[in-house]
Asker: 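The structure's right below; bear with me while I get my questions together.
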Amino acid sequence: QGSGNNVDRSELIVNGSLSAVGTEEQPIEFTSSSASPVKGDWHGIRVVTTGTAQTVTMDYSTVSYGAFGIDIRADGAGATTTVSITNCTVEQTLGTGIFVGGINGGGQVSATITDNRVLNNDSVGIYAYAHGTGSTVTGTISGNTITNSGNDGLRIFGDTLSLIHI
């Protein structure tokens, strides 16, 4: 089944808020349905907000074997997204593990990305990006274990970034 960015792969697309809160004993799993999974079996989780305030909360969740892991974008003026990703594992992707971006002239992201395991992703482990006049990414990235990224473990890039406790 396919959808979204690639019709050959399934993908979870959220145009709004997302809450995926598991427990240490019972984490939520987003992964391939294959008996022998490989990187890129499905597309990943994509959250896009436009013109409204939304929240993304993920705690004790595992995202694995996607083309990417978690991709969150506040797109354009009026789009504000509060992100909390904690105690999660994001692994075995063809691309970036966790991406948060304020984009296209005014997208605002406030992110707390703490105490995660980000492993074996072919591109960047964690990527915070702000681009376009008025777009920002603020918040905290701390306590994460990032290993075996194909490019950077942590990449912070953009016009307006204000991250503390990196």
Side-chain angles (χ1 to χ4, degrees), residues 1-50 54-75 81-103 107 109 111-129 131 137 139-158 163 166:
Q1 295 184 354
S3 65
N5 284 338
N6 186 323
V7 296
D8 296 325
R9 295 185 181 126
S10 60
E11 176 180 14
L12 176 59
I13 303 168
V14 178
N15 291 311
S17 294
L18 171 66
S19 179
V21 179
T23 65
E24 189 170 5
E25 297 78 26
Q26 294 183 321
I28 297 171
E29 293 192 37
F30 300 93
T31 191
S32 169
S33 61
S34 174
S36 300
V38 296
K39 293 178 180 181
D41 274 355
W42 67 297
H43 207 67
I45 299 172
R46 181 165 44 117
V47 180
V48 178
T49 61
T50 56
Q54 303 293 335
T55 60
V56 175
T57 304
M58 295 183 74
D59 192 20
Y60 290 106
S61 296
T62 297
V63 180
S64 57
Y65 298 106
F68 60 86
I70 305 164
D71 184 310
I72 302 166
R73 297 169 189 255
D75 189 353
T81 306
T82 303
V83 176
S84 175
I85 301 173
T86 57
N87 304 305
C88 292
T89 299
V90 182
E91 62 184 348
Q92 303 294 342
T93 73
L94 292 174
T96 295
I98 300 171
F99 175 90
V100 293
I103 60 173
V109 176
T112 301
I113 302 172
T114 58
D115 300 322
N116 300 290
R117 296 175 59 236
V118 184
L119 318 165
N120 303 314
N121 298 290
D122 288 355
S123 186
V124 178
I126 299 174
Y127 190 173
Y129 176 73
H131 179 68
V137 175
T140 301
I141 299 173
S142 68
N144 299 288
T145 300
I146 305 169
T147 57
N148 201 26
S149 294
N151 288 313
D152 304 323
L154 175 63
R155 181 181 294 167
I156 299 173
F157 178 80
L163 294 168
I166 297 175

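This one's a predicted model, so the numbers in the text were calculated from it and none came from an experiment.
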Asker: Taking all atoms of both residues into account, what is the closest heavy-atom pair of D41 and S34, and its distance?
Answerer: OD2-CB, 3.5 Å
Asker: Give a yes or no on whether the backbone of L119 and the side-chain of N121 come within a donor-acceptor separation of less than 3.5 Å.
Answerer: yes
Asker: Which value, rounded to the nearest 0.5 Å, describes the distance between L18 atom CG and S61 atom OG?
Answerer: 8.0 Å
Asker: Using side chain to side chain contact (heavy atoms under 4.5 Å, CB included), reason through V14 and Q54 one step at a time and then give a plain yes or no.
Answerer: CA-CA 11 Å; V14 178; Q54 303 293 335; over 6 Å; no
Asker: Applying side chain to side chain contact (heavy atoms under 4.5 Å, CB included), run through R46 and F99 and close with a yes or a no.
Answerer: CA-CA 10 Å; R46 181 165 44 117; F99 175 90; over 6 Å; no
Asker: Any sub-3.5 Å donor-acceptor pair from N116's side-chain atoms to V90's backbone N or O?
Answerer: no
Asker: Sequence neighbours left out, what passes side-chain contact (heavy atoms from CB on, under 4.5 Å) with D115? Give chain and number order.
Answerer: N87
Asker: Going by side-chain contact (heavy atoms from CB on, under 4.5 Å), name the residues that satisfy it together with T55, two or more places apart in sequence or in a different chain.
Answerer: S17, T82
Asker: Got a sec, which pairs hit salt bridge (charged side-chain N to carboxylate O under 4.0 Å, His left out) with one end in residues 140-152, sequence neighbours left out?
Answerer: D152-R155
Asker: Working note: I72 + V109, criterion side chain to side chain contact (heavy atoms under 4.5 Å, CB included); need CA distance, chi angles, decisive distance, verdict.
Answerer: CA-CA 9 Å; I72 302 166; V109 176; 5.6 Å; no
Asker: Taking the inter-plane angle between the rings of Y127 and Y129 on a 0 to 90° scale, is it parallel (under 30°), tilted (30 to 60°) or perpendicular (over 60°)?
Answerer: perpendicular
Asker: Going by atom type alone, with no hydrogens or angles, which donor-acceptor pairs under 3.5 Å involve a side-chain atom of residues 20-31 and a protein atom two or more places apart or on another chain?
Answerer:
| from | atom 1 | to | atom 2 | distance (Å) |
| --- | --- | --- | --- | --- |
| T23 | OG1 | E25 | N | 3.4 |
| T23 | OG1 | Q26 | N | 2.8 |
| T31 | OG1 | S64 | OG | 2.8 |

Asker: Write out all pairs satisfying salt bridge (charged side-chain N to carboxylate O under 4.0 Å, His left out) with one or both partners inside residues 56-71, taking only residues at least two apart or from two chains.
Answerer: D71-R73
Asker: Do I126 and I146 have side chains that get closer than 4.5 Å, going by heavy atoms?
Answerer: yes
Asker: With sequence neighbours excluded, what pairs up with S123 under the side-chain contact (heavy atoms from CB on, under 4.5 Å) test?
Answerer: T96, N151
Asker: Let me confirm one number: the CD1-CZ distance from I98 to F68, rounded to the nearest 0.5 Å.
Answerer: 12.5 Å
Asker: Going by distance alone, is a donor N or O of one side chain under 3.5 Å from an acceptor N or O of the other, for T50 and D75?
Answerer: no
Asker: To the nearest 0.5 Å, what is the distance between CZ on R117 and SG on C88?
Answerer: 11.5 Å
Asker: Between N120 (side chain) and E91 (backbone), is there a donor-acceptor pair under 3.5 Å?
Answerer: no
Asker: Given I113, which partner from the list V100, I70, T86 fulfils the side chain to side chain contact (heavy atoms under 4.5 Å, CB included) test?
Answerer: V100
Asker: Locate the shortest heavy-atom distance separating I141 from A128; write the atom from each residue and the value.
Answerer: CD1-CB, 4.4 Å
Asker: Looking at every heavy atom in both V137 and G102, which two are closest together, and how far apart are they?
Answerer: CG2-N, 3.6 Å
Asker: Can you name the closest pair of heavy atoms from T93 and G69 and give their distance?
Answerer: CG2-N, 3.7 Å
Asker: Considering all heavy atoms of both residues, which atom of W42 and which atom of Y65 are nearest to each other, and what is their separation?
Answerer: CD1-O, 3.3 Å
